[in-house]
There are 2 protein chains.
Amino acid sequence: MPLKHALLGFLSYQPMTGYDLKQHFDRSISHFWNAKLSQIYPALSQMRTDGWLTMEVDYQEDRPNRKVYQITENGRVALHNWLGEPTEMAPVRDAFLIKVFFGGKLNREDILAQLHRYLILHKEQLTSYQKNVQQEIQKNAEATGLVKESVFWNLTLEMGIKYEQGWIEWCEDSIKKIEAMDDD
Amino acid sequence: MPLKHALLGFLSYQPMTGYDLKQHFDRSISHFWNAKLSQIYPALSQMRTDGWLTMEVDYQEDRPNRKVYQITENGRVALHNWLGEPTEMAPVRDAFLIKVFFGGKLNREDILAQLHRYLILHKEQLTSYQKNVQQEIQKNAEATGLVKESVFWNLTLEMGIKYEQGWIEWCEDSIKKIEAMDDD
DNA sequence: TAAGTAATATATAAACATATATATATATAA
DNA sequence: TTATATATATATATGTTTATATATTACTTA
């Protein structure tokens with residue numbers, strides 16, 4: 001399960017709680033993977049059962065105790081193996097394209113409105129990558145001194161940026177084509 | 001649920017069985033949505049309960065009877081409304097990028113092997129879109145005479161092509177960058 | 001001052017998706 | 001000739017993900 005291996009990946013840097021891990025997911029890899037806390041917590045329990053993690057409780061008074069998870073040698077091996085395994089292409093799933101596919105059923109304004117809206121969403125996403133994710137990677141690189149690692153973090157960000165740029169171009173082109181169509 | 005609306009979309013062209021619908025999914029929209037038969041059949045039953053479809057049985061001797069589904073007026077309304085609703089961006093989920101993100105844990109050859117492999121997969125996918133999907137759309141446009149519709153089918157295909165081209169460029173760039181890195 | 005958010009975790013239900021098994025006849029490919 | 005694919009559907013189990021509810025205290029914002 002990729003979720004488990006992403007968790008292993010972060011825990012290979014340092015021990016953390018589920019809550020901490022959620023922050024890392026949201027700040028560093030949300031452009032290609034995300035998970036809710038309600039998925040992360042049970043996954044961590046299982047991984048402990050699997051022998052990939054150990055856990056120790058950090059007692060606190062005013063809020064729930066922190067359960068700090070640490071990767072084991074088995075966990076490191078599992079991560080390393082998984083990283084080297086061949087990977088299938090991720091299938092694309094985008095409901096927006098279903099709407100476009102059947103766009104002939106809408107009138108011109110409605111389908112154009114859809115495209116304009118989606119264009120804006122993707123532009124905002126692009127901006128957010130260029131600002132927030134970029135910064136987060138930078139910050140992490142400095143804080144941890146993991147220079148080589150940060151090259152790879154940046155590669156994933158570049159893919160995110162290219163992806164958004166692709167959508168933006170496509171939306172703009174599509175709008176032009178539809179505007180040029182004969183009305184009926 | 002987008003699955004149901006995609007089914008409605010195809011049934012808005014003509015009555016069909018679940019098996020037929022599966023063919024359409026695979027041939028026309030698999031570049032952005034797919035579904036197994038084991039998901040399509042129950043969905044059709046539900047949609048009938050919802051009043052979006054009617055069904056009649058076409059008796060056959062040597063193979064299972066065909067259950068032919070036909071869209072109702074309610075179904076058409078539901079489809080039309082859904083097509084006009086604003087759409088959230090589809091989140092990206094790609095396990096390959098998790099591998100890249102933690103690529104610093106692999107040695108250079110292993111991560112390069114991953115990238116080369118993914119590059120090939122995406123090149124094959126691109127070729128397949130340009131050949132098969134392209135052709136299928138063409139064929140459908142001619143067979144059904146739905147000219148205006150086919151413009152939209154082509155738009156989704158263009159997005160698929162752009163997407164694959166993006167991956168291909170990114171893989172090639174990433175390979176170059178990693179090859180240029182200092183070894184450690 | 002009231003409402004929201006951060007910090008931390010658990011539990012349960014529901015929704016969505018895949019895998020697999022079961023039937024059965026014909027046609028096609030190795 | 002044997003295996004696989006096509007044509008059609010159902011059923012069940014399992015896996016994955018999201019949603020929602022529940023606790024508690026401190027801090028921040030309106």
Side-chain angles (χ1 to χ4, degrees), chain A residues 1-7 10-11 15-27 29-30 32-50 53 55-70 82 88-95 98, chain B residues 1-7 10-11 15-27 29-30 32-50 53 55-70 82 88-95 98:
Chain A
M1 196 177 19
L3 170 63
K4 288 190 184 178
H5 294 90
L7 292 167
F10 284 116
L11 289 171
M16 273 184 278
T17 68
Y19 194 88
D20 297 333
L21 285 158
K22 170 64 171 159
Q23 315 287 313
H24 281 285
F25 269 58
D26 289 349
R27 292 187 190 140
I29 64 170
S30 65
F32 56 88
W33 203 273
N34 54 51
K36 309 269 157 151
L37 278 172
S38 54
Q39 208 190 347
I40 292 174
Y41 286 124
L44 289 170
S45 295
Q46 269 188 258
M47 290 162 74
R48 195 180 161 212
T49 307
D50 297 344
L53 305 178
M55 185 269 279
E56 65 180 59
V57 178
D58 188 354
Y59 291 92
Q60 301 198 116
E61 281 180 4
D62 49 355
R63 46 197 66 186
N65 295 327
R66 289 164 53 82
K67 294 191 167 178
V68 181
Y69 290 92
Q70 179 154 355
W82 182 78
E88 295 307 306
M89 269 194 301
V92 177
R93 264 180 165 247
D94 197 314
I98 303 179
Chain B
M1 195 173 27
L3 169 64
K4 288 189 182 179
H5 294 90
L7 292 167
F10 284 116
L11 290 172
M16 274 184 278
T17 68
Y19 193 89
D20 296 334
L21 284 158
K22 171 64 171 158
Q23 315 287 313
H24 282 283
F25 268 59
D26 290 348
R27 292 187 190 142
I29 65 171
S30 65
F32 57 87
W33 204 274
N34 54 50
K36 307 270 157 154
L37 277 172
S38 54
Q39 208 188 347
I40 292 173
Y41 286 125
L44 290 170
S45 295
Q46 269 187 261
M47 290 162 75
R48 195 179 161 211
T49 306
D50 298 342
L53 305 177
M55 184 269 278
E56 64 181 62
V57 179
D58 188 354
Y59 292 94
Q60 300 198 112
E61 279 181 7
D62 50 355
R63 45 198 67 187
N65 296 327
R66 292 163 51 82
K67 294 190 168 180
V68 181
Y69 290 92
Q70 177 154 355
W82 182 79
E88 294 307 306
M89 268 193 303
V92 177
R93 254 165 183 260
D94 197 314
I98 303 180

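Note that the coordinates shown come from a computational prediction; the quantities given were computed from them, not determined experimentally. Note on naming: letters A, B, ... go to the chains in the order of the sequence lines (proteins, then strands), and numbering restarts at 1 for each one.
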> State plainly whether the residues B:Lys67 and B:Asp58 are in salt-bridge range, i.e. N to O under 4.0 Å.
no
> In whole angstrom, what separates B:Gln23's CD from D:dT6's P?
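Rounded to the whole Å, the gap is 8 Å.
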> What is the distance, rounded to the nearest whole Å, between atom CG of A:Asn65 and atom P of D:dT25?
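These atoms are roughly 13 Å apart.
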> Indicate whether OP1 or OP2 belonging to C:dA9 is found under 4.0 Å from a side-chain N or O atom of A:Tyr41.
yes
> In whole angstroms, how far is the C1' atom of C:dA19 from the CD atom of A:Glu88?
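Rounding to the nearest Å, CD of A:Glu88 and C1' of C:dA19 are 16 Å apart.
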> Specify the separation, in whole Å, of atom CG of A:Leu37 and atom C1' of C:dA11.
14 Å
> Does C:dA30 have a Watson-Crick or wobble partner in any strand here, with both distances under 3.5 angstrom, and which is it?
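Matched C:dA30 with D:dT1 under the 3.5 Å cut-off.
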> Is the closest side-chain heavy-atom distance between B:Phe10 and B:Tyr69 below 4.5 Å?
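No, too far: nothing below the 4.5 Å cut-off.
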> Measure NZ/A:Lys22 against P/C:dA6 and give the value in whole Å, please.
12 Å
> Using whole Å, report how far CD1 of A:Ile40 lies from P of C:dT10.
12 Å
> Can you tell me the distance, in whole Å, between the CG atom of B:Asp20 and the C1' atom of D:dT6?
12 Å
> Any sub-3.5 Å donor-acceptor pair from B:Arg93's side-chain atoms to A:Asn34's backbone N or O?
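Such a contact is found between B:Arg93 side chain and A:Asn34 backbone.
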> For nucleotides 14-21 of chain D, list the nitrogen or oxygen atoms of the protein found under 3.5 Å from its nitrogen or oxygen atoms, one pair per line.
unit_1: D:dT17; atom_1: OP1; unit_2: B:Arg93; atom_2: NH1; d: 2.5
unit_1: D:dT17; atom_1: OP2; unit_2: A:Gln39; atom_2: NE2; d: 2.6
unit_1: D:dT17; atom_1: O5'; unit_2: A:Gln39; atom_2: NE2; d: 3.3
unit_1: D:dA19; atom_1: OP2; unit_2: A:Lys36; atom_2: NZ; d: 3.1
unit_1: D:dA19; atom_1: N6; unit_2: A:Ser38; atom_2: OG; d: 3.4

> Can you check whether B:Gln39 reaches B:Leu3 side chain to side chain, under 4.5 Å on heavy atoms?
yes
> For B:Asp26 and C:dT18, what is the distance between atoms CG and P respectively, to the nearest whole Å?
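After rounding, the gap between these two atoms is 12 Å.
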> Do A:Leu21 and A:Leu11 have side chains that get closer than 4.5 Å, going by heavy atoms?
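Result yes, sub-4.5 Å side-chain heavy-atom pair found.
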> Say you draw a straight line from CE of A:Met16 to CD of A:Gln70; how long is it, rounded to the nearest 0.5 Å?
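Between A:Met16 CE and A:Gln70 CD, I get 11.0 Å after rounding to 0.5 Å.
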